[in-house]
Trainee: 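Below you'll find the structure I mean.
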Amino acid sequence: MFWDDLRDLEYFMEDERHLARCGDCDLVFLSPMPTREELPSLYPPDYQNFDSRRSAVTGFLQERYYRHHCSIAMRYLGGGGSFLEVGSAGGDLLKRMRDRGVRAVGVEISEDACAVARAKGLEVFCGT
């Protein structure tokens with residue numbers, strides 16, 4: 001176990017999971033993994049990852065976050081290729097990857113988030 005006693009300080013959702021780390025690759029994941037039926041309940045309707053920015057500070061931090069993740073992905077893609085984001089929310093990372101000349105595609109469970117991403121002209125599959 002990597003981290004026990006998780007608390008959602010943004011949406012205050014109750015859940016009995018903890019974070020675990022894979023001993024082979026160091027991937028950190030929820031344990032136990034949510035079932036397909038449980039996934040929608042983990043993302044409330046006001047989930048901010050597909051909301052518009054609410055403040056200048058939030059915008060600054062999000063931009064830094066996306067720039068960092070784009071540079072990591074671009075290191076592996078070598079300036080071209082395709083990028084798949086699982087849990088693509090409103091497509092902010094997808095859009096930035098597309099702007100770098102990469103074919104960027106997303107998979108997202110929230111229909112609301114898919115609509116936001118598609119309004120940006122992004123290719124997103126709604127489902128699991």
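Please read these numbers as outputs of a predicted model, since none were measured by experiment.
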Trainee: How many angstroms lie between atom CZ of F125 and atom CD1 of I109, to the nearest 0.5 angstrom?
Mentor: 10.5 Å
Trainee: Please identify each residue that fulfils side-chain contact (heavy atoms from CB on, under 4.5 Å) with V86, with sequence neighbours left out.
Mentor: L84
Trainee: Test of understanding: with side-chain contact (heavy atoms from CB on, under 4.5 Å), list the residues that count as partners of P32, not counting sequence neighbours.
Mentor: R17
Trainee: What pair of heavy atoms forms the shortest contact from G87 to E108, and how long is it?
Mentor: C-OE1, 3.4 Å
Trainee: S88 side chain to G91 main-chain N or O, any donor-acceptor pair under 3.5 Å?
Mentor: no
Trainee: Sort and list the pairs that fulfil salt bridge (charged side-chain N to carboxylate O under 4.0 Å, His left out) and have at least one residue in residues 118-128, not counting sequence neighbours.
Mentor: D92-K120, R103-E123
Trainee: For the atom pair SG (C70) and CZ (R100), what is the distance rounded to the nearest 0.5 Å?
Mentor: 4.0 Å
Trainee: Would you say the side chain of V105 lies within less than 4.5 Å of the side chain of L94, judging by non-hydrogen atoms?
Mentor: no
Trainee: Once side-chain contact (heavy atoms from CB on, under 4.5 Å) is applied, do any residues pair with S71, and if so which ones, sequence neighbours excluded?
Mentor: none
Trainee: Are the side chains of V102 and S82 in touch, meaning some heavy atoms are under 4.5 Å apart?
Mentor: no
Trainee: Roughly how far, to the nearest 0.5 Å, is the CD1 atom of I72 from the CG atom of L77?
Mentor: 12.0 Å
Trainee: In terms of hydrophobic clustering (I, L, V, M, F, W, Y; side-chain heavy atoms under 4.5 Å; direct or indirect links), are F29 and L19 co-clustered?
Mentor: no
Trainee: Please name all residues satisfying ring pair (Phe, Tyr, Trp, His ring centres under 6.0 Å) with Y65, sequence neighbours left out, ordered by chain then number.
Mentor: H69
Trainee: Does the E63 side chain pair with the main chain of F60, one donor and one acceptor, at a distance under 3.5 Å?
Mentor: no
Trainee: State which residues pass side-chain contact (heavy atoms from CB on, under 4.5 Å) with C25; sequence neighbours excluded, sorted by chain then number.
Mentor: C22, L27
Trainee: Report the residues that fulfil side-chain hydrogen bond (donor to acceptor under 3.5 Å, both in side chains) with D99, sequence neighbours left out, ordered by chain and then residue number.
Mentor: K95
Trainee: Check side-chain hydrogen bond (donor to acceptor under 3.5 Å, both in side chains) between T128 and all other residues, then give those that pass, not counting sequence neighbours.
Mentor: R36
Trainee: Which heavy atom of G121 sits nearest a heavy atom of R98, and at what distance?
Mentor: O-NH1, 3.2 Å
Trainee: Between V124 and A117, which heavy-atom pair has the shortest distance, and what is it?
Mentor: CG2-CB, 3.5 Å
Trainee: On a heavy-atom basis, which atom in M33 and which in E38 lie closest, and how many Å separate them?
Mentor: O-OE1, 4.4 Å
Trainee: Say you draw a straight line from OH of Y66 to CZ of R96; how long is it, rounded to the nearest 0.5 Å?
Mentor: 6.0 Å
